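These figures come from a predicted structure and were not determined experimentally. Each chain gets a letter, A, B and so on, in the order the sequences are listed, and its residues count up from 1.
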Amino acid sequence: MPSTFNEKCYELLMQIPKGKVVTYGDIAHALGTKAYQAVGNAMGANPNPIVVPCHRVIKGNGEIGNYALGIGKKIELLQNEGIEICNNKVVNFKACRFVFPPKLM
DNA sequence: ATGTTGACCTAGA
DNA sequence: CTCTAGGCCAACA
């Protein structure tokens, strides 16, 4: 059970399938808030970069953004997922954009 | 409670 | 394209 905001972000990140990417804004929106920066901060806090695929999170304009282990590492991971990267930007980024499942109610 | 910072976003010039 | 300005929220000192 998530106790802090970052925990919620990690939960969403783990829901992202392979070969898909999301933006910080999408995560914030999925959480029902606009704390884009809070999401980025949560990634920066990244306590377990293994169970949490933070490398699948990019900026809203298609750029890679940043990564705790380094941008280069993030690019390699994304390419390893099958995503094309060029000049620190995602190719066909909207085609790889993943949408979180809406909350049933 | 206050002030600062941050892996951000949008708009305007 | 680059730069400036505003907004928006959570974590930390």
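- Rounding to whole angstrom units, CZ of residue A:F5 and C1' of B:dC8 are separated by 12 Å.
- The same atom, P, is picked in C:dG7 and in B:dA7; the two are 22 Å apart, to the nearest Å.
- Rounded to whole Å, the distance from CD on A:E7 to C1' on C:dA10 is 14 Å.
- Side-chain atoms of A:Y36 never come within 3.5 Å of backbone atoms of A:T23 as a donor-acceptor pair (strictly under, hydrogens ignored).
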Heteroatom pairs (N/O) under 3.5 angstrom, protein to nucleotides 2-7 of chain B:
{"residue": "B:dG6", "atom": "O4'", "partner": "A:N41", "partner atom": "OD1", "Å": "3.2"}
{"residue": "B:dG6", "atom": "O6", "partner": "A:Q37", "partner atom": "OE1", "Å": "2.9"}
{"residue": "B:dG6", "atom": "N1", "partner": "A:Q37", "partner atom": "OE1", "Å": "2.9"}
{"residue": "B:dG6", "atom": "N2", "partner": "A:A38", "partner atom": "N", "Å": "3.3"}
{"residue": "B:dG6", "atom": "N2", "partner": "A:N41", "partner atom": "ND2", "Å": "3.1"}
{"residue": "B:dG6", "atom": "N3", "partner": "A:N41", "partner atom": "ND2", "Å": "2.7"}
{"residue": "B:dA7", "atom": "O4'", "partner": "A:N66", "partner atom": "ND2", "Å": "3.3"}
{"residue": "B:dA7", "atom": "N7", "partner": "A:G44", "partner atom": "N", "Å": "3.1"}
{"residue": "B:dA7", "atom": "N6", "partner": "A:M43", "partner atom": "O", "Å": "2.8"}
{"residue": "B:dA7", "atom": "N3", "partner": "A:Y24", "partner atom": "OH", "Å": "2.9"}
{"residue": "B:dA7", "atom": "N3", "partner": "A:N66", "partner atom": "O", "Å": "2.8"}

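- Of all non-hydrogen atoms in A:L31 and A:C9, the two that sit nearest each other are CD1-SG, 3.8 Å.
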Show which side-chain atoms of residues 85-99 of chain A pair as donor or acceptor with protein atoms under 3.5 Å away, not counting sequence neighbours.
{"residue": "A:K89", "atom": "NZ", "partner": "A:N87", "partner atom": "O", "Å": "3.4"}
{"residue": "A:R97", "atom": "NH1", "partner": "A:D26", "partner atom": "OD1", "Å": "3.0"}
{"residue": "A:R97", "atom": "NH1", "partner": "A:D26", "partner atom": "OD2", "Å": "2.4"}

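- Between the side chain of A:E11 and the backbone N or O of A:E7 there is no donor-acceptor pair closer than 3.5 Å.
- For the pair A:E63 CD and B:dC8 P, the computed distance is 10 Å after rounding to whole Å.
- A salt bridge (Lys or Arg N to Asp or Glu O under 4.0 Å) check over residues 69-88 of chain A, counting only residues at least two apart or in different chains, returns the pairs A:R56-A:E81.
- In terms of heavy-atom proximity, A:G65 sits nearest to A:K59 at CA-CG, 3.6 Å.
- In this entry the distance linking CG of A:N6 with C1' of C:dC12 reads 12 Å, nearest Å.
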